[in-house]
Amino acid sequence: MNSDRLDSPERRQFFKGAAVAGGAALLAATGQTEAAALPADAGVQTQADKGYRLTEHVKAYYLTLRT
C-alpha cells in the first residue's frame, strides 16, 4: 500500500468520525449518560467516609477465615 494513503488527512478524519459515531451510538443505546446515572453527590466524600471501617459484614468475613 502506498504510504501517502496511510498518512492522508482524509483517512484520519474518517477514523475520528467513526470513533465519535461509535461513542454516540453507545450512549444512545444505553439511554443515559454516565453523569445522569450517578447521584449528584456520588464523588463527594466527607472525612467520616474515608478510611477503613470494621463493619459487621467485614467481621463475618474475618470469621470465615479462621480455621
Under the salt bridge (Lys or Arg N to Asp or Glu O under 4.0 Å) definition, can you give me all pairs with a residue in residues 54-64, not counting sequence neighbours?
Glu56-Lys59
What residue pairs, at least two apart or across chains, pass salt bridge (Lys or Arg N to Asp or Glu O under 4.0 Å) with a residue in residues 17-28?
none
Excluding Phe15, membership of its hydrophobic cluster (Ile, Leu, Val, Met, Phe, Trp, Tyr; side-chain heavy atoms within less than 4.5 Å) reads Phe14
